[in-house]
Amino acid sequence: MKLKKYLTLTRAGMIESLQFRLGTVVVVVGNLIYLTVVYFLWRSIYDSAGTDVVNGMTFSDTLIYLVLATALFNFMEMYAVWEIGRKIQSGAIVLDLLKPMDYRRYLFWSYSGSFVMNFFTTFLPTFIIVAVVTKGAVPMGINLLYFVISVVMAIIINYSIDFFVGTICLFTESIWGINIMKQVIVLLLSGATVPIAFFPEPLKTIVMYLPFQSIYNAPLTILLDGSPAPGDLFMILGTQLFWCIVTTVISRLFWKVSLRQITVNGG
Amino acid sequence: MQRKSLRFYLRIYRKILVQDLKSKMSYRADFIISTIGMIFTNIAGFVSFWILFRSFPSINGWTYHEILFLYGFSLVSLTPVQCLFDNNWSLRMYVYSGDFIKYCFRPINLFFYYQSEVFDIKGLGQLAFGLGTIAYSWGKIGLDLTPLMILKMIVFLITASLVMIALQNAAAASCFWIQNSFYLLDLVVRFKDYAKYPVTIFSPVFKFIFTFIMPIAFIAYYPSLVILRPDEVPLLSWLSPLIGCLFFILSYKIWMLGASKYDGTGS
């Protein structure tokens, strides 16, 4: 019974995102253009390098990594910071707080509908195109299963970070600045702009100790490795699980503490 | 409506600007955070460049410093659209809510009045960063520093920025016709990220597309060739000021056409 009320939110979200078909079309077109830019950029980078393998990654590896990172971004990014920030500025957040459901959970589940829709409209097509374009460079095996598990954890980590940053808006009343900072940090340090394999040494080690690489780097590394060593796999998934718990707990606590001291416009 | 002189408009602009800055200053924290966010974005762009060029010394015959020059050029030429035309982002909200009607009743140029209402100061950080990047790479490449060069630079920077302004105007104006114009605007703005790459990396088809259909190559590549490779300047580079003006006028006409069709929400 408990799950049912959450799934209702999922369904509502799915119906809501079906309303914005034009939006989906534009997102798909935008991704196709981005895909071409990334393709040609890295093609010419690899051509200039003269070798096939750079930092342990071939051209198709890099392409798959970056394109799927973008696809993951479109699929996971829920602009929760904007949602929370706007609600705080307008004061409408009061209505959500009065709902008989934990706000953090409510928001997550109302986004879950668009997760499902985005998965089918953007992620899956991109995945198929990439698999075809690179002529089977994506290993299709048990790694797909691990990939799905990893993505689920990535979503949770991403949401927790978003929610944490959204909570900061309670204090600053600045949305744009906070959001752009978060986005820039996450995209750069998670390997979504340049694969982490290319990072120079001290930076690489530091980045691996941060939670951001669990969002994009971890699932993509798992996906690209057709026959992972059990130790490596355990290490990656374990790290993700660790960050899942830590970020969830922190964002939860921060929200609880902050809620006590806010003053809401028109509340 | 009788035509007002340029001086009249400049005076009005100054007055509106001061009011806008005053209201911005009352949200000081937001201003500071936004500025930091902007600096973050620029630093992240720079860092990903730096990481890339550690693994690859040159891309398609373009050295690190030449690409850096392109990057700086694109940053500077994107500043006007950031600073002066930021209100385009709110256009769809005004149109949707019906508040847009207030602009229609002023005895001055509608487009001018609407755009002048918001001045985005945080764009100035980007300007400084871009100028610094240009100066640094200018010295490293060993370009001459003559008054003629500087004049060329200024002329081509201004006209390059007209292209981006035009693209954004047209995308924003689409909200007069379609409901969900945010995606279109977002898509166009994402184009600007590709402006920093030399268009030669693309295959002929995409070179054509990025030159004539989505003219992002005019934001940095073609204009900066005049400075970077003075011996082999293609005709398109010399034409870019003309193209910039043309696009701007065209987008202005589209914007005004949309506004003239606007008949409010009836409330």
Side-chain angles (χ1 to χ4, degrees), chain A residues 19-31 33-34 36-51 54-55 57 62 89 168-169 171-189 191-201 203-204, chain B residues 27-45 47-62 86 89 120 122 178-191 193-194 196-203 205-207 209-210 214 216:
Chain A
Q19 278 295 315
F20 298 106
R21 267 161 304 205
L22 182 73
T24 314
V25 172
V26 176
V27 169
V28 170
V29 172
N31 281 349
I33 297 167
Y34 178 77
T36 12
V37 172
V38 167
Y39 175 84
F40 284 112
L41 177 68
W42 286 87
R43 185 70 266 174
S44 59
I45 287 174
Y46 267 86
D47 284 348
S48 313
T51 52
V54 181
N55 291 322
M57 286 180 90
T62 313
Q89 278 190 347
I168 299 177
C169 291
F171 301 97
T172 62
E173 304 215 342
S174 157
I175 316 175
W176 190 89
I178 296 271
N179 187 56
I180 199 89
M181 258 194 264
K182 182 222 98 189
Q183 196 165 321
V184 161
I185 292 174
V186 170
L187 285 183
L188 183 69
L189 299 185
T193 13
V194 182
I196 289 187
F198 290 94
F199 282 36
E201 206 17 83
L203 194 60
K204 197 172 172 176
Chain B
Y27 296 98
R28 199 155 300 181
D30 179 49
F31 167 68
I32 294 167
I33 294 168
S34 299
T35 311
I36 297 172
M38 202 71 187
I39 294 169
F40 256 65
T41 319
N42 295 324
I43 291 176
V47 168
S48 48
F49 256 50
W50 175 74
I51 292 173
L52 256 187
F53 273 92
R54 282 180 53 87
S55 310
F56 308 94
S58 77
I59 296 177
N60 207 344
W62 294 78
D86 204 47
W89 283 99
D120 193 20
K122 57 186 181 290
I178 58 173
Q179 278 277 308
N180 218 313
S181 64
F182 171 78
Y183 294 100
L184 209 58
L185 194 54
D186 194 48
L187 181 73
V188 167
V189 171
R190 273 171 59 186
F191 283 167
D193 295 334
Y194 314 141
K196 58 184 182 239
Y197 303 118
V199 82
T200 47
I201 64 170
F202 298 110
S203 74
V205 177
F206 284 98
K207 210 171 146 179
I209 290 178
F210 287 134
M214 293 178 282
I216 49 168

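In what follows, chains carry the letters A, B, and so on, assigned in the order in which the sequence lines appear, proteins first and then strands, with residues in each chain numbered from 1.
Here the closest non-hydrogen pair linking Val184(A) and Ala44(B) is CG1-CB, 3.2 Å.
Annotation: side chain of Phe202(B) is not in contact with side chain of Ser44(A) (no heavy-atom distance under 4.5 Å). Side-chain atoms of Thr62(A) and Tyr46(A), non-hydrogen and from C-beta on, do get closer than 4.5 Å to each other.
Between the CD1 atom of Ile43(B) and the CE atom of Met38(B) there is a distance of 12.0 Å, given to the nearest 0.5 Å. Atom CH2 of Trp42(A) and atom CE of Met57(A) lie 8.0 Å apart (nearest 0.5 Å).
Between chain B and the options Leu41(A), Ile178(A), Asp47(A), the largest number of non-hydrogen pairs under 4.5 Å is found for Leu41(A).
At a 4.5 Å heavy-atom cutoff, Thr200(B) makes no contact with chain A through either its backbone or its side chain. At a 4.5 Å heavy-atom cutoff, Leu189(A) makes no contact with chain B through either its backbone or its side chain. Using a 4.5 Å cut-off between heavy atoms, Leu188(A) contacts chain B through its side chain alone, with no backbone atom that close. For a residue to count as touching a neighbouring chain, one of its non-hydrogen atoms must lie under 4.5 Å from one of that chain's; by this rule Leu203(A) touches chain B with the side chain only. Contact of Val188(B) with chain A is not made at all, since no heavy-atom distance falls under 4.5 Å. With a threshold of 4.5 angstrom between heavy atoms, Ile180(A) approaches chain B through side-chain atoms but not through N, CA, C or O. Only the side chain of Phe206(B) comes within contact range of chain A, with at least one heavy atom under 4.5 Å from a heavy atom of that chain.
Qualifying side-chain contact (heavy atoms from CB on, under 4.5 Å) partners for Val194(A), counting only residues two or more places apart in sequence or in other chains: Phe198(A), Phe199(A), Ser48(B), Ile51(B).
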